[in-house]
Amino acid sequence: HDLGPGADLTTDYASGMVGYWTFGNKITEGTDDASTIYDQSAGSDDDLTGTSLAAPFAGHTITASGAYHSTAKSVFGGSSMFFDGTNDYLAVPKSHDFEFGTGDITIEAWVHPTQQVDSSVFFASATGGPSTNDGYVCIFTSNRLRFFGLNGGSAENTVTSDPEGGTATANKWTHVAYTRIDGVQQFYINGIPSGLAVASTADIHQTTATGTSGVTDGRFGIGYALAGGYSYYKGYMDEFRVSSGIARYTKSIERFANTF
């Protein structure tokens, strides 16, 4: 019997079935909407209703400037985003979701640079370097990752990965993650802690200044260049994820590093 995405359990497993909710994948007993999720099992009427069953979070609009989906390289899903290293980037409008405050955080992605460009930007909400403005920046530099927050023009809560472990090797997929848990920052490279853990409860907040490359008013940017000598990212990225309030990785995952 089929248990895959195309399975119809009312056909293959109808005997003894008392409830079957497919969340939009089957409409025999009714079409699901924001107010009702229909029980698709025959002869039953245990429909789910409530004040609202609409999705609680609709996501963010991402604007691509030059960067595009490419099927040439991918980790999952058959495609990834390609950045040409000249003027390509992604930007998300300013949102409280990217005002991380003093809490836990994880920002991660699979990266496959086609060229190792020193001081290229992984992600940022800032217009430049430490002498410029508020915000935060994460860059690839000197064979490692570096994250720093900006507060009134001063760099703070700086953390770097271990150069011995390397990072973002050209023409190879690498999983990279910046985390903060209980006030301690750490980079993870392919699931393994990299560099010294750095204690910091500094407020990580978006910039309100006007930036370069069309990234303005505190937008969250991926791969874009900044004033102060920072470059565009060149290569592929896949599965970029931001988790506010959650530190997804701790030293306990080191033994699972071979899953990356």
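From a predicted model like this one, the values you see are computed outputs, not experimental measurements. Just so it is clear, the values below take in all heavy atoms, side chains as well, and ignore hydrogens, waters and symmetry mates.
- For Ala64, the side chain to side chain contact (heavy atoms under 4.5 Å, CB included) partners at least two apart in sequence or on another chain are Leu90.
- In the hydrophobic clustering of ILVMFWY residues, with side-chain heavy atoms under 4.5 Å counting as a link, Val184 and Val176 come out apart.
- Below 30°, between 30° and 60°, or above 60°: for Trp110 and Trp173 the angle between ring planes is above 60°, a perpendicular geometry.
- Contact between Phe100 and Asp97 at its shortest, heavy atoms only, is CE2-O, 3.4 Å.
- Between Arg146 and Thr141, the side chains place no donor N or O within less than 3.5 Å of an acceptor N or O (distance only, hydrogens not considered).
- A pairwise comparison of heavy atoms in Ile181 and Asp104 identifies CA-OD1, 3.3 Å as the closest pair.
- The closest side-chain heavy-atom distance from Ile204 to Phe147 is below 4.5 Å.
- Ser120 OG to Gln115 CD: the interatomic distance, rounded to the nearest 0.5 Å, is 9.5 Å.
- A donor-acceptor pair is defined here as one N or O able to donate and one able to accept, closer than 3.5 Å; no such pair exists between the side chain of Arg180 and the backbone of Ala247.
- Closest approach of Asp84 to Asp88, counting heavy atoms only: N-OD2, 2.9 Å.
- By the rule that hydrophobic residues join a cluster once side-chain heavy atoms approach within less than 4.5 Å of another member, Met81 and Ile62 end up as members of one cluster.
- Taking each heavy atom of Gln185 and Ser200 in turn, the nearest pair found is NE2-CB, 3.6 Å.
- Between Tyr236 and Phe82, the angle of the ring planes lies from 30° to 60°, which puts this pair in the tilted group.
- Not a single donor-acceptor pair under 3.5 Å links the side chain of Ser161 to the backbone N or O of Ser194.
- Listed for the Thr106 side chain is a donor-acceptor partner under 3.5 Å among the backbone atoms of Arg248.
- The salt bridge (charged side-chain N to carboxylate O under 4.0 Å, His left out) analysis of residues 231-244, with sequence neighbours excluded, yields the pairs Glu108-Arg241.
- Side-chain contact between Tyr188 and His175: absent, with no pair of heavy atoms (C-beta onward) separated by less than 4.5 Å.
- Ring geometry for Phe98 against His60 counts as tilted: the plane angle lies between 30° and 60°, on a 0 to 90° scale.
- For Phe187, the ring-ring contact (aromatic ring centres under 6.0 Å, His included) partners at least two apart in sequence or on another chain are Tyr178.
- Nearest heavy atom pair, residue Ser74 against residue Ser79, reads CB-N, 3.3 Å.
- Phe140 places a side-chain heavy atom less than 4.5 Å from the side chain of Val111.
- Atom OH of Tyr249 is separated from atom CD1 of Ile192 by 13.5 Å, given to the nearest 0.5 angstrom.
- Between Phe220 atom CZ and Ser125 atom OG the span is 8.0 Å, to the nearest 0.5 Å.
- Across all non-hydrogen atoms, the minimal contact from Thr160 to Arg144 is OG1-NH1, 4.1 Å.
- Formation of a donor-acceptor pair under 3.5 Å by the Ser119 side chain with backbone atoms of Ser231 is not found in this model.
- Contact annotation: the side chain of Cys138 approaches that of Leu145 to within less than 4.5 Å [non-hydrogen atoms, C-beta and beyond].
- Thr179 places a side-chain N or O within donor-acceptor distance of the main-chain N or O of Gln186, the cut-off being under 3.5 Å.
- With Tyr224 as the partner, the side-chain contact (heavy atoms from CB on, under 4.5 Å) test is satisfied by one option alone out of Tyr233, Phe123, Tyr232: Tyr232.
- No more than 12 heavy atoms of other residues, nucleotides or ligands lie within 6.0 Å of CG in Leu196, so this atom counts as exposed by the packing criterion.
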